[in-house]
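Positions are given from 1, in the same order as the sequence printed here. Counting starts at 1 for both ligands and their atoms, following the listed order.
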Amino acid sequence: MQFDTVIHGGTIATADHTAKADVGIKDGRIAAVAENLAGGDHRIDAGGRIVMPGGIEAHAHIAQESSSGVMSADDYLSGSISAAFGGNSSFIPFAAQHRGQSIDEVIATYDARGARSVIDYSYHLIVSDPTPEVLEDQLPRAFARGITSFKVFMTYDLMNLGDGGMLDILTVAREHGAITMVHAENNDMVKWMNKRLADKGLTAPKYHAISRPELAEQEAINRAIQLAKLVDAPLFIVHVSTEGGAEIVRREKFNGAKLYAETCPQYLALTRDDLDRPGMEGAKYICSPPLRDAATQDALWHHVRMGTFESVSSDHAPYRFDETGKFLNGSDVAYPKIANGMPGIAARLPYLFSEGVVRGRITLEQFVALSSTNAAKTFGCDTKGRIAPGMDADIAIWDPEARTTVTAADQHDNMDYSPFEGMEITGKPEIVMNRGAVIVEHGELKAKEGQGRFIARQPADLRGKPGYTAKEFDPAQNFGTELC
Ligand SMILES: [Zn+2]
């Protein structure tokens with residue numbers, strides 16, 4: 001067979017094994033994985049390197065207005081470039097509906113934004129206004145187009161749907177094979193804490209951490225899971241930040257719930273002490289749920305290692321340290337008025353490789369699963385996330401020994417800081433490919449604006465997740481109803 005490209009001499013890493021082999025690429029797809037492949041118009045020497053599926057970033061806010069109207073600093077061009085420099089070949093940011101908007105209008109808006117991407121992309125819909133037209137007509141149309149996941153909020157007054165709204169949407173999702181992602185924090189607990197802190201005049205950035213208690217996350221994670229179990233719908237818990245939350249996820253997964261979850265590098269790498277940096281510096285570290293403590297980091301690493309989480313995602317939510325972002329409401333405001341979120345799309349894989357694989361906390365195979373393969377399965381990217389014949393040639397070639405110090409400039413995003421700045425990292429992506437095209441090579445961008453393609457996705461892969469039948473929905477219980 002004649003190949004367009006052969007990657008030779010490297011160590012192939014997948015989610016279940018590593019082996020020395022060459023990769024032959026033809027027409028943007030992997031055509032062969034075997035020893036000593038000859039030929040290739042273009043040959044890439046991967047000696048001493050790891051050859052893995054390109055990262056799939058499943059949680060990023062790109063060209064997205066928050067519910068309070070702040071536009072993220074990265075659009076699909078800068079966000080995808082930053083992702084590519086971080087070893088990603090595709091990403092799935094959010095397409096956010098705000099109250100009053102139709103889903104069709106939202107998708108049309110994001111299609112125009114996404115067209116600038118240098119890597120393949122899809123969206124998770126954020127649903128904040130589940131009217132009957134949205135539930136019965138617009139969402140099913142979005143699913144049919146391959147947008148098979150969407151996110152809802154249990155917190156924020158402008159976003160949270162209430163438990164009944166969640167049940168409605170989970171039911172629609174289950175019927176269409178879609179997966180519901182949830183930001184789980186108890187809205188009233190957070191509001192009550194905010195009021196207590198405000199009454200005492202405690203408004204510095206560091207109080208943000210206190211304002212969103214661990215129990216608020218644990219309660220909401222548990223509630224979201226029980227709601228999903230009642231209607232046996234697949235559920236994905238985003239950015240788990242607490243030990244208690246992770247424990248609930250682990251227990252319910254073990255009991256068969258159609259449950260998926262992620263955590264993020266910031267919860268593994270940073271603590272609430274970062275919110276207490278001098279002056280307003282702490283504002284850089286405001287995100288929700290908030291950073292916790294060192295004991296939580298250890299607990300979350302334990303859960304990463306034990307398989308509680310499908311993915312480690314960045315939750316890249318870039319708001320600059322100026323009046324366009326963090327300080328849109330002024331430079332000396334109380335913490336609730338500071339934009340929430342931090343960047344990290346380029347740092348995700350290097351951080352996870354360095355702190356995970358190099359430090360012996362996770363295996364190389366787990367690294368591949370957590371950064372790419374599982375996201376492909378969970379979110380139905382059926383031609384991505386694996387190095388195997390027939391798959392898209394989305395590949396990251398890693399130097400496992402390169403040592404770097406994180407700088408904001410190396411993130412290649414539109415941000416003016418990185419929360420990981422100064423961190424010593426071992427291992428970095430040298431060459432990144434998307435459908436056979438080199439997009440990043442030795443620190444240089446090779447991709448052109450708009451060369452990424454929209455990914456029409458499949459339903460979530462539910463294998464290994466038998467689900468849960470609530471007694472009241474079980475025909476064998478003879479309740480005499482036909483609710484299910
Ligand atoms: Zn997020």
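- Remark: Lys326 fails to qualify as a cation-pi partner of Phe321 under the 6.0 Å distance and 45° angle criteria applied to the six-membered ring.
- Qualifying salt bridge (Lys or Arg N to Asp or Glu O under 4.0 Å) partners for Lys229, counting only residues two or more places apart in sequence or in other chains: Glu252.
- For an aromatic pair to be called close, the ring centres must be under 6.0 Å apart, and Trp301 with Tyr267 fails this.
- When ring centroids are compared, His61 and His316 stay outside the 6.0 Å threshold.
- With Tyr260 as the aromatic partner, Lys465 meets the cation-pi criteria of under 6.0 angstrom to the ring centre and within 45 degrees of the ring axis.
- No donor-acceptor contact under 3.5 angstrom links the side chains of Thr373 and Arg386, judged on distance only.
- Around the Zn ion (ligand 1), the protein N, O or S atoms closer than 2.8 Å are His59 NE2, His61 NE2, Asp315 OD1, listed by chain and residue number.
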